[in-house]
Every structure is written in C-alpha cells, then in structure tokens.
Trainee: 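Below is the structure I would like to discuss, written out as structure tokens.
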Amino acid sequence: MTAVYEPSYEPWNETRGAEIIAEHAKQEGATLVILHALQEAFGYVPEAAIPMVAQALNLSRAEVHGVFTFYHDFRHKPAGRHVLKLCRAEACQAAGGDALAARAEAKLGVLLGNTTADDRVTLEPIYCLGLCATAPSAMLDGRLVGRLDEKRIDALVAEAQR
Amino acid sequence: MNMRIFIPRDAAAVAVGADEIATAFEQVATKRGLPVEIIRTGSRGLCWLEPMVEVATPKGRVAYGPVSAEDVASVFGSMTSNGPHPLQLGVADEIPWLKRQTRLTFARCGVIDPRSHGDYRAHGGYKGLERALWLGSDAILTEVTASGLRGRGGAGFPTGIKWKTVAQAKADRKFIVCNADEGDSGTFADRMIMEGDPFLVIEGMTIAGITVGATKGYIYIRSEYPHAVEAMNAAIVAARRGGYLGDKIVGSTYSFDLEVRVGAGAYVCGEETSLLESLEGRRGLVRAKPPLPAHHGLFGKPTVINNVLSFAAIPFILAEGAKAYADFGMGRSRGTMPIQLAGNIRQGGLFETAFGVTLGELVDDIGGGTFTGRPVRAVQVGGPLGAYFPRALFDTPFDYEAFAAREGLIGHGGIVVFDDSVDMRRQARFAMEFCTIESCGKCTPCRIGSTRGVETIEKIINGERVSENLALVEDLCNTMKFGSLCALGGFTPYPVLSALKHFREDFVPAPTKLQAAE
C-alpha cells in the first residue's frame, strides 16, 4: 500500500510570505501563481498576505481579494488534516456517486464542503477528476481512487479519520 | 536482455492501483532474481481493463488486465514461462477494441514512455515539426487549412482560419495558448494525451508558434489534473534539453518556449476569453467578443488559443500531409475524434475514430452498454452543457452538423451513459445548479437565469403548477441561450431542454398511472 500522505504546512509568517511573493512577482500575470504558492506553503491564503500581494503586483487590495474569492481552490482558513474530495459530476453520478457521497457524509457527520468537528477531515465536492471511465472517483490528499463502491468509500473515510 | 514490463502511469490507471502493481512487480522480480525493466507508459485507453500491464515478447507486447495486486505473482509467472493466464488479453495491438480504432492523435499514447524525449523521437515524433521548419508559415497554413481540422475543444472553429488571422496580425509579441482546462464531466482525452504523450502537445504548439510568429506559449491546465501538470512540466524540461524548445530550436532561426500555468478550480476558465483573463492574473470573467483573441488576446496581443486535442492533431497533419488527415471523416467534420466513453458503461475509455460512427454503435457496440446491466436510458454528449439523447436518437452520426441538427453538440467528445434508474428532473436541476456555481457572474441571463432555473425546476419536482412552470423553464432557457455572453449560460439550456423534450414523462407524472396505483 502507498504510505498515507500527510500534508504538512508552515504556520503563517510574514517574512516567509514576502519571500514567496517576491519569488513569483516578476512573472507576467502572477496573481494565481502567487496565491497557489502561498497556499502550498501555508495550507491556505492568510488574509494578511492579500495586501502584500497587492503591493508587490501594483494592484489594489480589492482586485487581489476579488481574484482570491473568485476561484474555488483558494482556502480562507486551513483545511482539516486530511482532505477527501468526491467527484460529483455527471459521469460519477451515472455510476452511483450520489449514494456514495451521502454515505460519506453520514459516516463523517458533515455535509460536503465542511470539516469534521475534530478537524480531522474536510469533505469536499470536486467537479471532475477526469477519471470518468473508472467512475465514481475520489481524491484523498492528492491520491486518486477510482471504481468506488461502498467498501472502498468506507475504507477511504476510515483512512481519512486516522 | 532484461524483461521489459509496461505499466501505465496514467491517472485513471493509478486510481485503480497501477502504482501498487508496479511496486509488486518489482518485488516479485527481485525475489525471483530476474532482471526486469519497468516502463511507466500512458494508457491505451481501455479503462475497464486498467491496470493493464504489458510485457515485451518476440511476437509483440502481450497484455494482461485488469491486474490486481493478488494477480501479480501469477501474471509474472505467465510472462516468464510464456504460459496461459486468465487475464491474458493477447498481443495488445491485436485487441479488437484497439484495432477497430483509427489512432492518429493517440497513436503513441500507452505505447511510449512519456518522460523520454528519445522514445518520442524513435516513434516518429517531431517529424511534423521538422517538415514545418522546412515549409515555413504560408505553406503550413495551407496544410492546416486543407486538413479541414476544426477546433476539438467544442466550438469546432476551423483551425487554419484562426491561425491565419494571427499570422497576419501585426504586433511586437504574439502568444500561443493551449486550453487544457478540460472541465467537462465525461471527458479525459486532454488529460490522457498530456500524461501519455506530452511531447505531442509541445510539438503542436511549437508548430503553431513558428506559423504565426509567436515565441512564447502557455499551457493552462486545470488544478484537478496534478498528474498532467507534472507530466507536461517534465516534458518541457526534456524538450528544452533536447534543443526542441528555447532559442533557435533544432538549429533553426525560430525560437519558442513554453510555460505551464495551473488553474484554480473555476469551470468557466475553460471558456477561451475567461481563460485569458485568468492567465493574466485576474478573475475569470468572460470577455465580450469582438475583439477576437486572434487580434486582441493574451496581454492584449494576437493569440492563438486552441484546445489540447487541436494542437495534438497538428503534428500528424504536418508529417503525413493534409490529405492523409482529411481523407477520414464525413461532411465538414474531417479527420478523427478521440471519443470518450464514460459513466455507467461496461467498456469505458478512449476510442479514437473517424467522424461518422453513430451514437448507438458507440454506446451499445463499442461501449457494451451499462455496467449495471440495466437498459441504457439517456446519454449525455458533450459535457455538462451537452444534450441528453434518448435511444430514439441513437442513429445520430458523430458529426458536428448532425448533432446540431438534433439540438445537441459534440463538444469535446465525451459521452456519459445513464441507465434506467436516472431521474431526468434531477439531471435538469443539476445542469442549472452547476451553472449557478460556475457562472462568472458577468452577464445576467447566466448568473440570475440559472438561479431562477434551479428554483423553478424544484417547484416542478414538488408538483407545483407543473405545466406553468415547465413553460417558464423553457422561456428562461431561451433567454439564457440567446442572451448569455458565453457558452456556460448559452449552452446550459441544452441539457435542460433535451431532458424536457425527450424525457417529458419524468416531469409530468401520468395521472392515469397514479390512479391505477391507488
């Protein structure tokens, strides 16, 4: 079996944030590149980084805030220790994905889009992992799982809860 | 000589255990003291047989699948002894599902090592680019136009005309942009080709650069495809090292370089102008057209923006000539289309074939019907914005115009199969809901129309003034279709109206049946 991938993030630190921003600021149209890099380092995009990005790119804070909130990927606060994403698009629906999503919600006691009270698992919908011929599919902390059935979704949920 | 075993690294194969299988093969080989070389390839696209493992033999590569971890020891035994095995599929190239295809774009996918520049060249890669360098801009444009290639991303616009417009534009800088934001459910061809044959995309984009006079290209890949991002980045580094990207490519006077940019989970960024906004670092708001990206594209400069599959079709056209490509297909749909069979289907995967095959052949014959074994009821073609087709329309040939004539679209070539347990009211509601989640918000018909659409369909589901609300949905769909700025709002009516038209019985409960049940 593949080792459980445990994402590890640094706590927010202004100096480190400034370094990351400076590293990418020279690229043309760098806003998304920087937001991705910040999230990769800290696990989310800290509010304090927004004015720093704005200054580095000579944009208004509102513009950067607008970009940050437009895209589904960027987090406003850290996710749970594990992130379980379930594909909710048509191909996975056709293959029985609705029932499996409901099962995961029931097991974890949260609805899609939320984090469990113990901060262990964030359960999220995703619209298409491109695994439509081996549907239904999911992604646990970057690891892909296809041909989900009740047994496999239970195993994934259990793994995420560890 | 080492025994050579081929195991896909394709995300779909990995999702069903290919990485674990690869490790298991290594362990078995070590334990038995046999030297084995494991080559991680892309996928041949027979997804129901993944993980599909192949071994090189004198008669060709023999395939086994689907292989699970428990099968590895016995499969390895069969490979070494050349003995029979229940999972053995014979010589891969001879598998009927593969043999029936016309693989022009996907010829190398699943065959070569996508990380090896040398392997790509050994399998005919860069022939198109070499000829393009010798031909020059005008002659390339003639070839691309004569091939009849239309954008494979969905809109079907002639590629030659688009390129010519950019070639003729005067500007200090021009760009090539590859739209790899394949967000349609049921489609995975872009992902497969980027993971399985990334140099092909690089070659196609480089040819575009030479043709129009652009020296910089961007590949905008959706963040949901981390494996594709990794594969493209690795290939770009290898191509640069091999002299096929960068200054003076292969000693010519042309320079061209590429950069991968990652999206951030916004479906609307698959729309070309929205994608350009996103690449520029802004919210993915759709731009009103004109001006066209060909005149005023990325950073305000003339830009060729094409889908992955469009660029991937180019090397064959240049290498083998326009006629070799145009000889396939029907009507104004020339060449081949990589069709993706997905959802509730027995034999799902990637099937590349000339235009003209019927929908019924694809679903029943090639796809083998549903994996639940229940009857096929509805088939959505062309992603979340594509129409739902009933069995009655299964004679529709796969052709842009034939689908349009039946109020459908081919889009990116994705086919999602549903069995008879599907509730078409819920599918219609989902189409509207998806539009509310993904709308960029710039135009009212899309932003507000979809919200009202969800509410109205919910009323229908709850049995409130059904016929009145059905009329309202139809009216709303017309407003969205003709009033939206881009395809997101403009095409959401396709799944909704097709569900209403072809599956009316789901929306209007038959009163006689209800009475009989009581």
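Chain letters run A, B, ... following the sequence lines, proteins first, then strands; residues in each count from 1.
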Trainee: Would you mind listing every salt bridge (charged side-chain N to carboxylate O under 4.0 Å, His left out) that reaches into residues 87-101 of chain A, with sequence neighbours excluded?
Mentor: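 Matches after skipping sequence neighbours: A:Arg88-A:Asp98, A:Asp98-B:Arg426.
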Trainee: What residues of residues 220-227 of chain B make heavy-atom contacts with chain A at a cutoff under 4.5 angstrom?
Mentor: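 Listed by number: B:Tyr220, B:Arg222, B:Ser223, B:Glu224, B:Tyr225, B:Pro226, B:His227.
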Trainee: For residues A:Cys128 and B:Gly183, report the shortest heavy-atom separation together with the two atoms involved.
Mentor: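 That closest heavy-atom pairing would be CB-O, 4.0 Å.
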Trainee: Using a 4.5 Å cut-off on heavy atoms from C-beta on, say whether the side chain of A:Gln27 contacts that of B:Arg261.
Mentor: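 A side-chain contact exists here, since the closest heavy-atom pair is under 4.5 Å.
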Trainee: Quick one: SG on A:Cys132 to CG on B:Asp184, what's the gap to the nearest 0.5 Å?
Mentor: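 The SG atom of A:Cys132 sits 9.5 Å away from the CG atom of B:Asp184.
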Trainee: Count the heavy-atom pairs under 4.5 Å between each of B:Thr23, B:Val416, B:Val16, B:Val422 and chain A, then report the option with the highest count.
Mentor: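 The answer is B:Val16.
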Trainee: How long is the straight-line distance from OG1 of A:Thr134 back to CG of B:Leu49, given to the nearest 0.5 Å?
Mentor: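 Here the interatomic distance stands at 12.5 Å.
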Trainee: Side chain to side chain contact (heavy atoms under 4.5 Å, CB included) for A:Leu129 and B:Arg191? Distances and angles first, verdict last.
Mentor: CA-CA 9 Å; A:Leu129 291 160; B:Arg191 182 187 64 64; over 6 Å; no
Trainee: Could you have a look at B:Arg173, B:Glu259, B:Met192 and say which one has the most heavy-atom pairs with chain A under 4.5 angstrom?
Mentor: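 The candidate making the most pairs under 4.5 Å is B:Arg173.
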Trainee: Counting only heavy atoms closer than 4.5 Å, note whether B:Gln340 contacts chain A via side chain, backbone, both or neither.
Mentor: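 Contact with chain A is absent: no heavy atom of B:Gln340 under 4.5 Å.
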Trainee: Quick one: what part of B:Ile415 sits under 4.5 Å from any heavy atom of chain A, side chain, backbone, both or neither?
Mentor: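 When you check distances to chain A, no heavy atom of B:Ile415 falls under 4.5 Å.
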Trainee: Against chain A, label B:Val268 side chain, backbone, both or neither, depending on which of its atoms sit under 4.5 Å from a heavy atom there.
Mentor: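 For B:Val268, side-chain heavy atoms alone lie under 4.5 Å from chain A.
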Trainee: Report, by ascending residue number, the residues of residues 277-284 of chain B in heavy-atom contact with chain A at a distance under 4.5 Å; give 'none' if the set is empty.
Mentor: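 At a heavy-atom separation under 4.5 Å, chain A is reached by B:Ser278, B:Leu279, B:Glu280, B:Gly281, B:Arg282, B:Arg283, B:Gly284.
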Trainee: Would A:Arg147 and B:Phe371 count as a side chain to side chain contact (heavy atoms under 4.5 Å, CB included) here? Give the steps.
Mentor: CA-CA 11 Å; A:Arg147 286 189 202 130; B:Phe371 67 61; over 6 Å; no
Trainee: Which is it for A:Tyr127 and B:Tyr267 under the ring pair (Phe, Tyr, Trp, His ring centres under 6.0 Å) test, yes or no, and what are the steps along the way?
Mentor: CA-CA 8 Å; A:Tyr127 293 93; B:Tyr267 175 79; 9.0 Å; no
Trainee: Contact part of B:Glu182 toward chain A, heavy-atom cut-off under 4.5 Å: side chain, backbone, both or neither?
Mentor: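 Interface part for B:Glu182: neither.
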Trainee: To check you understand the geometry: which heavy-atom pair defines the closest contact between B:Phe430 and A:Ala89, and what is its length?
Mentor: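 Distance-wise, the nearest heavy atoms are CZ-CA, 4.4 Å.
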Trainee: Give a yes or no on whether A:Arg61 atom CZ has more than 12 heavy-atom contacts from other residues, nucleotides or ligands under 6.0 Å away.
Mentor: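 No, not enclosed.
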Trainee: Any salt bridge (charged side-chain N to carboxylate O under 4.0 Å, His left out) pairs touching residues 10-19 of chain A, not counting sequence neighbours?
Mentor: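 Matches after skipping sequence neighbours: A:Glu10-A:Arg16, A:Arg16-A:Glu19.
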Trainee: Between B:Cys269 and A:Tyr71, what is the shortest heavy-atom contact and its length?
Mentor: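 Looks like SG-CE2, 3.8 Å.
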Trainee: Which one of B:Ala264, B:Gly265, B:Ala342 has the most heavy-atom pairs closer than 4.5 Å to chain A?
Mentor: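 Winner by heavy-atom pair count: B:Ala264.
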Trainee: Counting neighbours of CD on A:Glu28 that are heavy atoms of other residues, nucleotides or ligands and sit closer than 6.0 Å, is the number greater than 12?
Mentor: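 Yes, CD of A:Glu28 has more than 12 neighbouring heavy atoms, counting only those of other groups under 6.0 Å.
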Trainee: Quick one: what part of B:Asp190 sits under 4.5 Å from any heavy atom of chain A, side chain, backbone, both or neither?
Mentor: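 Neither part; nothing is under 4.5 Å.
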Trainee: Among B:Gly348, B:Pro384, B:Ala13, which residue has the highest count of heavy-atom pairs closer than 4.5 Å to chain A?
Mentor: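 Sorted descending by pairs with chain A, the first entry is B:Pro384.
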Trainee: Please rank B:Val262, B:Ile345, B:Val14 by heavy-atom pairs under 4.5 Å with chain A and give me the top one.
Mentor: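 Ranked by contacts with chain A, first place is B:Val262.
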Trainee: Give a yes or no on this: more than 12 heavy atoms of other residues, nucleotides or ligands lie within 6.0 Å of atom CG of A:Asp118.
Mentor: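 Count over threshold, so yes.
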Trainee: What's the shortest heavy-atom distance between A:Leu131 and B:Ala15, and which atoms?
Mentor: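 Heavy-atom minimum between the residues: CD1-CB, 3.8 Å.
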Trainee: Looking only at non-hydrogen atoms, find the nearest pair between B:Phe188 and A:Gly130 and report the distance.
Mentor: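 Distance-wise, the nearest heavy atoms are CB-O, 3.2 Å.
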Trainee: Shorter than 4.5 Å, heavy atoms on both sides: which option in A:Gly97, A:Gly66, A:Ala135, A:Pro136 has the most such pairs with chain B?
Mentor: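 Looking at each of A:Gly97, A:Gly66, A:Ala135, A:Pro136 in turn, A:Gly66 comes out on top.
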Trainee: Side chain, backbone, both or neither: which part of B:Cys440 has an atom under 4.5 Å from a heavy atom of chain A?
Mentor: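 Looking at B:Cys440, backbone and side chain both touch chain A.
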